[in-house]
Amino acid sequence: MYDKGISVLIPLLTDKPLRESDSDWLVNRQEEISYLNNITAHLPFGILGVAGETGIGKTTVLNFVKPSHVYVQTVNISLRETMESILYDLLYSLASKLEHDNDVGEVARECKDWITEEVATLKGFSLGFSMLGNTEAKFEKSRAPRFNFFAARERLGLLIEETVNAKRKFLLIVDELDKEKKEDVLKVIDALKTQLLIDNLVVVFSLPFAIYREYVSDRMRWNEAGNLENVFKDIVFLEPLKALDIKEMLVKRLDRYLDFVEHDVLEVAADFSDGNPRDALWILSKSVYDNVHEDKLRKVHLLNTINKVVKEYISTGVSLTENQKRAVKLLRDYFGPKEGILEILQKNGFKRTTAYSVFEQLVEKRFLIVRDGNYKISGKFKFVDF
């Protein structure tokens with residue numbers, strides 16, 4: 001074991017959603033999981049959401065939503081080119097999950113066979129079309145088969161109704177839609193509302209952060225058409241974890257291999273992450289690969305990796321002016337309101353208008369981030385020697 005050096009850490013730092021069997025690794029998401037279990041168990045019907053930035057742990061949380069006495073199925077959306085392809089993928093994925101079920105297997109198999117034939121027809125036409133000459137292509141184009149959106153939607157509704165009738169209470173979790181633009185996600189959900197708003201069916205979607213932000217804003221308005229509360233019963237937002245939570249997560253993962261990691265390494269990784277578990281795991285993995293033959297991962301190793309990563313990022317065109325670099329250095333340990341930043345900059349020779357401009361630019365470039373109304377230099381750039 002010990003002759004492998006720090007390479008033994010690599011499997012422990014692999015970023016993948018946790019499942020129930022990994023519950024010992026779960027950190028500070030019990031409140032959200034408990035709420036989702038309660039609401040999905042008692043809500044008679046409706047659409048819910050789980051939102052948060054990429055890598056924050058939405059899939060992990062959804063994997064732990066298992067309300068008692070509720071039939072649960074999770075489907076992942078991988079075809080996201082158009083609204084139609086999302087519907088086809090949703091129908092196919094759900095049918096695949098249900099095709100061996102004693103109660104609804106027959107209906108599920110019929111849906112799966114239908115969608116398979118539909119997609120094969122579309123792909124077959126596409127292949128044949130590409131082989132035609134220009135003259136024939138113009139003639140054939142008007143007869144091109146299209147996504148049969150309405151038929152697919154009806155079949156999805158039938159499959160869901162059969163499942164609800166057989167299972168009494170059905171929780172459908174739809175993951176991976178958070179990768180899409182807000183407008184596209186809302187179009188899909190709005191188009192499927194008729195099939196999804198039925199008694200004893202609760203649907204939970206993973207959502208882009210932009211939808212949550214608009215949803216919260218809508219909740220504070222009154223009597224405006226098109227508000228998102230007409231679509232969603234509730235949206236659970238996953239806040240970034242605190243630095244102590246990130247450290248706890250890393251300690252749990254590394255466990256008996258903690259001797260391979262210098263203590264300060266976890267502090268730096270937690271700062272770098274800005275509360276995102278995926279970022280902490282990624283930067284540690286990258287540093288391990290950079291120093292794979294070392295017997296211990298040290299703070300200097302991680303700092304070297306961070307500097308390399310940030311300089312590669314800046315070389316892509318996200319440059320800083322000299323004033324902005326100075327500001328980053330001055331604010332490295334600051335956490336507080338905007339006014340405090342402006343005061344520090346002005347005390348260090350920045351004119352008032354320049355201080356405001358530098359502040360706005362650092363926020364726009366994500367060098368300055370906001371947490372609970374307070375600003376701080378992102379951990380991505382806190383340790384960089386500009």
Side-chain angles (χ1 to χ4, degrees), residues 15 51-58 178-183 206-217 237-247 249 267-287 302-345 348 350 353-386:
D15 174 36
E53 65 183 80
T54 300
I56 206 68
K58 294 186 292 295
D178 57 304
K179 310 293 191 300
E180 294 307 294
K181 294 179 181 177
K182 177 190 75 173
E183 294 77 12
S206 61
L207 299 172
F209 171 65
I211 289 182
Y212 173 77
R213 184 168 52 222
E214 185 173 328
Y215 170 81
V216 171
S217 178
F237 178 63
L238 301 186
E239 297 278 357
L241 294 173
K242 299 186 184 304
L244 284 175
D245 296 327
I246 296 292
K247 283 179 63 179
M249 175 199 75
E267 297 273 357
V268 175
D271 270 336
F272 178 90
S273 74
D274 291 326
N276 191 309
R278 178 175 295 171
D279 288 352
L281 295 171
W282 176 75
I283 197 62
L284 282 176
S285 296
K286 201 165 184 64
S287 192
L302 184 54
L303 292 178
N304 287 340
T305 297
I306 291 174
N307 270 271
K308 182 176 74 172
V309 166
V310 173
K311 287 175 181 176
E312 287 173 358
Y313 171 67
I314 290 175
S315 71
T316 64
V318 188
S319 58
L320 294 179
T321 66
E322 289 305 314
N323 275 339
Q324 290 165 3
K325 290 177 182 178
R326 275 189 63 212
V328 170
K329 292 177 182 177
L330 289 169
L331 299 170
R332 274 178 175 159
D333 297 315
Y334 179 81
F335 180 75
K338 173 182 176 179
E339 292 72 19
I341 290 176
L342 299 175
E343 183 180 344
I344 290 172
L345 296 182
N348 283 273
F350 286 79
T353 55
T354 303
Y356 271 93
S357 175
V358 167
F359 170 82
E360 296 294 341
Q361 287 296 314
L362 290 179
V363 170
E364 182 180 332
K365 295 178 180 180
R366 295 283 295 167
F367 280 72
L368 264 176
I369 59 175
V370 62
R371 291 286 186 265
D372 300 323
N374 292 307
Y375 291 86
K376 57 173 279 192
I377 293 296
S378 165
K380 308 289 187 295
F381 310 106
K382 182 177 178 180
F383 303 100
V384 177
D385 183 20
F386 291 106

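Computed from a predicted structure; not experimentally measured.
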Checklist entry - Roughly how far apart are Q361 CD and T321 OG1, rounded to 0.5 Å? => result 8.0 Å
Checklist entry - Hey, what do you get for OG (S287) to NZ (K308), rounding to the nearest 0.5 Å? => result 8.5 Å
Item to check | Atom NZ of K242 with >12 non-hydrogen neighbours under 6.0 angstrom | outcome: no
Checklist entry - Do the side chains of R326 and N348 get nearer than 4.5 Å, heavy atoms only? => result yes
Checklist entry - Quick one: side chain to side chain donor-acceptor pair (under 3.5 Å) partners of Y356, sequence neighbours excluded? => result R352
Next on the checklist: Within the structure provided, determine whether F272 and T305 are in side-chain contact (heavy-atom separation under 4.5 Å).
Outcome noted: no
Item to check | Partners meeting side-chain contact (heavy atoms from CB on, under 4.5 Å) with T316 (sequence neighbours left out) | outcome: Y313, V318
Item to check | Sub-4.5 Å side-chain heavy-atom contact between I341 and L368 | outcome: yes
Checklist entry - Which is it for W282 and D15 under the side-chain contact (heavy atoms from CB on, under 4.5 Å) test, yes or no, and what are the steps along the way? => result CA-CA 7 Å; W282 176 75; D15 174 36; over 6 Å; no
Item to check | Exceeds 12 heavy-atom contacts within 6.0 angstrom, atom CZ of R366 | outcome: no
Checklist entry - How are the rings of Y212 and F237 set to each other: parallel, tilted or perpendicular (split at 30° and 60°)? => result parallel
Next on the checklist: To check you understand the geometry: which heavy-atom pair defines the closest contact between K58 and G52, and what is its length?
Outcome noted: NZ-O, 2.9 Å
Next on the checklist: Minimum heavy-atom separation for I56 and E239, please, with both atom names.
Outcome noted: CG1-O, 4.0 Å
Checklist outcome for this item: CG of L281 to OG of S273, rounded to nearest 0.5 Å, is 9.0 Å
Checklist outcome for this item: Closest non-hydrogen atoms of P208 and A51, given as atom of the first, atom of the second and distance, are O-CB, 4.1 Å
Checklist entry - Are the side chains of V310 and F381 in touch, meaning some heavy atoms are under 4.5 Å apart? => result yes
Item to check | From CD1 (I246) to CE (M249), nearest 0.5 Å | outcome: 5.0 Å
Checklist entry - For L362 and L320, which heavy atoms make the closest approach, and how far apart are they? => result CD2-CD2, 4.2 Å
Next on the checklist: For D279, is there an ion pair with K380 - N to carboxylate O distance below 4.0 angstrom?
Outcome noted: yes
Next on the checklist: Just to verify, which of Y334, F335, F359, F367 counts as forming a ring pair (Phe, Tyr, Trp, His ring centres under 6.0 Å) with Y375?
Outcome noted: F359
Checklist entry - What heavy-atom pair brings L241 and P277 nearest, and what distance separates the two atoms? => result CD1-CG, 3.6 Å
Item to check | Closest non-hydrogen atom pair between N276 and T54, with its separation | outcome: ND2-O, 2.8 Å
Next on the checklist: To the closest 0.5 Å, what do you measure between CD (Q324) and OG1 (T354)?
Outcome noted: 11.0 Å
Next on the checklist: I need the E312 CD to N307 CG distance, nearest 0.5 Å.
Outcome noted: 11.0 Å
